[in-house]
Protein chains: 2
Amino acid sequence: MEQQPVTMSDVARAAGVSVTTVSYVLSGKRPVAPATTEAVQAAVARLGFRLNTVAQSLRTGRSSTAALIIPDIANPFYAELARGLQDALRRERLHVVICNTNADRAEELSYLDDVVRRRLDGVVITPQWLVTDDLDPLRAAGIPVVVSADTELSDLDVVRADSREAIDQAVAHLAERGHRRLGMVAGPTGTPNGDPRLALYRAAARRHGLALPADLVVRGKHTREAGAAALRRMMSRAQPPTAVVCVNDRSAIGVLEAAEDTGLRIPSDLALIGHDDIEVASLTRPRLSTIRYPAYEVGSTCGRLLLERLDGRVDPVEVALRTRFVPREST
Amino acid sequence: MEQQPVTMSDVARAAGVSVTTVSYVLSGKRPVAPATTEAVQAAVARLGFRLNTVAQSLRTGRSSTAALIIPDIANPFYAELARGLQDALRRERLHVVICNTNADRAEELSYLDDVVRRRLDGVVITPQWLVTDDLDPLRAAGIPVVVSADTELSDLDVVRADSREAIDQAVAHLAERGHRRLGMVAGPTGTPNGDPRLALYRAAARRHGLALPADLVVRGKHTREAGAAALRRMMSRAQPPTAVVCVNDRSAIGVLEAAEDTGLRIPSDLALIGHDDIEVASLTRPRLSTIRYPAYEVGSTCGRLLLERLDGRVDPVEVALRTRFVPREST
DNA sequence: ATGAAAGCGCTAACAC
DNA sequence: GTGTTAGCGCTTTCAT
């Protein structure tokens, strides 16, 4: 048998006070006589009362829940990011709902809509296809948004990677080892991480005298399968690359596997560099060289910004987290 | 400037009908004249109305949100499980909040409490320290719980691994290769996965004539560090093992790394078997042999059970997912 | 086919 | 220091 939940007025009755007093005992937002406090607490304990957060939310307009909108929680990068975010938001007892979009624009929009309907307190999003205007409904509703992406976004809190130096080092590293033809497994066109990273690689390649020809830039999803397919495509070119850089570690792992299958040895036949340095990257053999972008820290930084914003900060903030080139056996 | 949210009575006024009608147009729970429907929909669109889910929840007592209570979303096993759960719950437009407990009992309890306060619709939990009684408040509140664990639990929906055969095969495999002394990196004592698995290994070892002495059973967390420490401890025994089985893949990876550091070659000096088969397990070199327990499927099964329960099923269901021994290079 | 009105359980003026 | 009361925005019963 399912019991009636105990409400605040039950507690009030049991303690011989008004609901107001019960509310204030619980919130501490106004002084209450010690004896009263005690009586209320006793009643709360005796009846097993738990405040109904839904009613509280309706009244206050705050749900103490934030949304994290990402392509896929099963991608270790986002899982680590989620962990960082949750740890940062825990102090304020904020819950986090995870929204997996599969990098699909319709899903991204649908979750944003959900956020408004549910009056969530804030959103952290790693957008794949969204444009700034898509966030208008959130602005209108006064819901803070923190974006994690490498693109320029006006008037928003942004956490992004500053990979200029790291990419330059990586390319220099390749140049030193005699590489002259670079291939890149980039993200889908128009995606907020792929394009900026590609641009950085282009610039670095130019600086260090490497070619990065258009037919060696392969677009695709951030998956192992896409990485493997990309490599096969590159190697079928008239002039295949001697070194490949990947938009993230998952695709780099795909490249690694496809290379193995083809009998290509890494790094002797092909140098390989990933991005992100998820935990797995250190487990592959040969070890994956990578541009390290610490996911946990990205998440906790997003959380910090969100909390500040909820606390009343109004000016948008942009945080650039410096990435680091981690050479390993594979270059 | 933050706008006033548009409410249902705004829509009603704009459409020249009552809120009742607006509500019914939206829910479709009673017939409405086509002309009226149209007028309402037009008003909804024109004003950009979004139903306030919080108010709806307060009224109906359902929040269309479920909680997933796990030790750590950054552990790939749980991330994959989470993905499976979310995909299963998406059809019903249920949100999932992720609760990381760090395998801490107090955190587990605190999140359960949260669930009741927030009137969440259901819980999926992979308990580490909870006992059945801890779930009483949820029963009282009529909140369905689905448990993912290998322990016996009365009167609850449970998804568990049936590893009897797989473990027997794994041990037989070791026996065939001449192993006689087995070590085990088990989970913490009293934990719902470690103990049953240990018992299965004990039984299988007995059947196949392998020793699994008490001083080669090392308890610890499900982490790489714990796995590494466990191996060092085992190897310092007077009679070290020739084969090691691990309660999960993460600890197996730790063992792998510690073995490398010690100069032990796997599998020639030491055979190694993990559990779970998270994506990473296929990336290590030597490849990790493992008892495969498909996390995604665990999650989606939990989701299915939860939905059924929300739909009115009352009898508890136990689903045993058969695991499979996947021998790879490391045994 | 539609509407009036009573809450769901809380918070926070505004009294006293 | 404490209480009365008016909502927050919906759903749903009961009328019409």
Side-chain angles (χ1 to χ4, degrees), chain A residues 2-41 43-44 47-65 114 116-121 141-142, chain B residues 2-41 43-44 47-65 114 116-121 141-142:
Chain A
E2 185 167 326
Q3 306 161 25
Q4 278 312 306
V6 180
T7 75
M8 224 155 100
S9 43
D10 296 330
V11 174
R13 200 172 317 113
V17 298
S18 73
V19 285
T20 308
T21 300
V22 176
S23 175
Y24 281 117
V25 167
L26 264 41
S27 70
K29 285 186 182 171
R30 92 178 179 190
V32 176
T36 317
T37 303
E38 214 166 297
V40 169
Q41 284 167 343
V44 164
L47 303 181
F49 167 75
R50 294 151 202 265
L51 206 157
N52 182 328
T53 319
V54 177
Q56 191 179 42
S57 294
L58 177 58
R59 187 52 234 243
T60 61
R62 309 205 38 188
S63 56
S64 45
T65 304
D114 254 11
V116 178
R117 298 182 124 77
R118 290 174 184 254
R119 302 295 189 271
L120 298 192
D121 292 341
Chain B
E2 185 168 326
Q3 306 161 26
Q4 278 311 303
V6 180
T7 75
M8 223 156 99
S9 42
D10 296 330
V11 175
R13 201 170 317 113
V17 297
S18 73
V19 287
T20 308
T21 300
V22 176
S23 176
Y24 281 116
V25 167
L26 264 41
S27 70
K29 287 188 182 170
R30 93 180 179 190
V32 175
T36 317
T37 302
E38 213 166 299
V40 169
Q41 284 168 342
V44 165
L47 303 181
F49 167 75
R50 295 150 201 263
L51 206 157
N52 181 329
T53 319
V54 177
Q56 191 179 41
S57 295
L58 177 59
R59 191 48 236 246
T60 62
R62 308 204 38 185
S63 55
S64 47
T65 304
D114 253 11
V116 178
R117 298 181 124 78
R118 290 174 183 254
R119 301 296 188 270
L120 298 192
D121 293 340

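Both backbone and side-chain heavy atoms feed into the values below; hydrogens, waters and symmetry mates do not. In what follows, every chain begins at residue 1, and chains take the letters A, B, ... in the order their sequences are listed. Source: prediction; values computed, not measured.
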Q: List in chain and number order the residues that pass side chain to side chain contact (heavy atoms under 4.5 Å, CB included) with E38(B), two or more places apart in sequence or in another chain; answer none if no residue qualifies.
A: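 By the side chain to side chain contact (heavy atoms under 4.5 Å, CB included) rule, E38(B) matches no residue at all.
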
Q: Residues from residues 34-41 of chain B sitting under 4.0 Å of DNA chain C, heavy atoms only?
A: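 Result for residues 34-41 of chain B: T36(B), sorted by number.
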
Q: For S9(B), give me all partners under side chain to side chain donor-acceptor pair (under 3.5 Å), at least two apart in sequence or on another chain.
A: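 S9(B): side chain to side chain donor-acceptor pair (under 3.5 Å) contacts with T7(B).
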
Q: Closer than 3.5 angstrom, by distance alone: can the side chain of T60(A) be matched with the main-chain N or O of Q56(A) as a donor-acceptor pair?
A: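 Checking the backbone N and O of Q56(A) against the side chain of T60(A), a donor-acceptor pair under 3.5 Å is found.
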
Q: Below 4.0 Å from chain B heavy atoms, what is the first contacting nucleotide of DNA chain D and what is the last?
A: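 Listed 5' to 3', the contact boundaries are dG9(D) to dC14(D).
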
Q: Could you work out, with side chain to side chain contact (heavy atoms under 4.5 Å, CB included) as the rule, every residue matching A43(A), not counting sequence neighbours?
A: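 With neighbours one apart ignored, the set is V11(A), A14(A), A15(A), R46(A).
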
Q: Tell me if a side-chain donor or acceptor on T37(B) pairs with a main-chain N or O of A33(B) at a distance below 3.5 Å.
A: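 Such a contact is found between T37(B) side chain and A33(B) backbone.
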
Q: Can you give one letter per nucleotide of nucleotides 9-16 of chain C, 5' to 3': B if a protein heavy atom sits under 4.0 Å from the base, S if only from the sugar-phosphate, - if neither?
A: BBBBBB--

Q: Sequence neighbours left out, what passes side chain to side chain donor-acceptor pair (under 3.5 Å) with T65(A)? Give chain and number order.
A: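 Scan of T65(A) (side chain to side chain donor-acceptor pair (under 3.5 Å), adjacent residues dropped) gives R118(B).
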
Q: Quick one: does D121(B)'s side chain get under 4.5 Å of S64(B)'s, heavy atoms only?
A: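 Result yes, sub-4.5 Å side-chain heavy-atom pair found.
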
Q: Does a nitrogen or oxygen in the side chain of T21(B) sit under 4.0 Å from OP1 or OP2 of dT2(C)?
A: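 No, because none of the side-chain N or O atoms of T21(B) sits under 4.0 Å from OP1 or OP2 of dT2(C).
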
Q: Please list, chain by chain and in numerical order, all residues satisfying side chain to side chain contact (heavy atoms under 4.5 Å, CB included) with S57(B), sequence neighbours excluded.
A: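 Once residues adjacent in sequence are excluded, the partners of S57(B) under the side chain to side chain contact (heavy atoms under 4.5 Å, CB included) criterion are V54(A), T53(B), S63(B).
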
Q: If the condition is side chain to side chain contact (heavy atoms under 4.5 Å, CB included), which residues does L26(B) pass it with, not counting sequence neighbours?
A: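 Checked L26(B) against side chain to side chain contact (heavy atoms under 4.5 Å, CB included); matches are V22(B), V44(B), F49(B), L51(B).
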
Q: Compute the bend angle of the helix from dA1(C)-dT16(D) to dC16(C)-dG1(D) from the end axes (five pairs per end), rounded to 10°.
A: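 Helix axis angle between the two ends: 40°.
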
Q: Taking only residues at least two apart or on different chains, which pairs with a member in residues 8-31 of chain B satisfy salt bridge (Lys or Arg N to Asp or Glu O under 4.0 Å)?
A: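 Checked against salt bridge (Lys or Arg N to Asp or Glu O under 4.0 Å) - neighbours excluded - the pairs reaching residues 8-31 of chain B are D10(B)-R13(B).
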
Q: Does V17(A) offer a backbone N or O that forms a donor-acceptor pair with the side chain of T21(A) under 3.5 Å?
A: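 No, because the side chain of T21(A) does not come within donor-acceptor range (under 3.5 Å) of the backbone of V17(A).
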
Q: Quick one: list whatever passes salt bridge (charged side-chain N to carboxylate O under 4.0 Å, His left out) with R50(A), sequence neighbours left out.
A: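 Per chain and number, R50(A) pairs via salt bridge (charged side-chain N to carboxylate O under 4.0 Å, His left out) with D113(B).
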
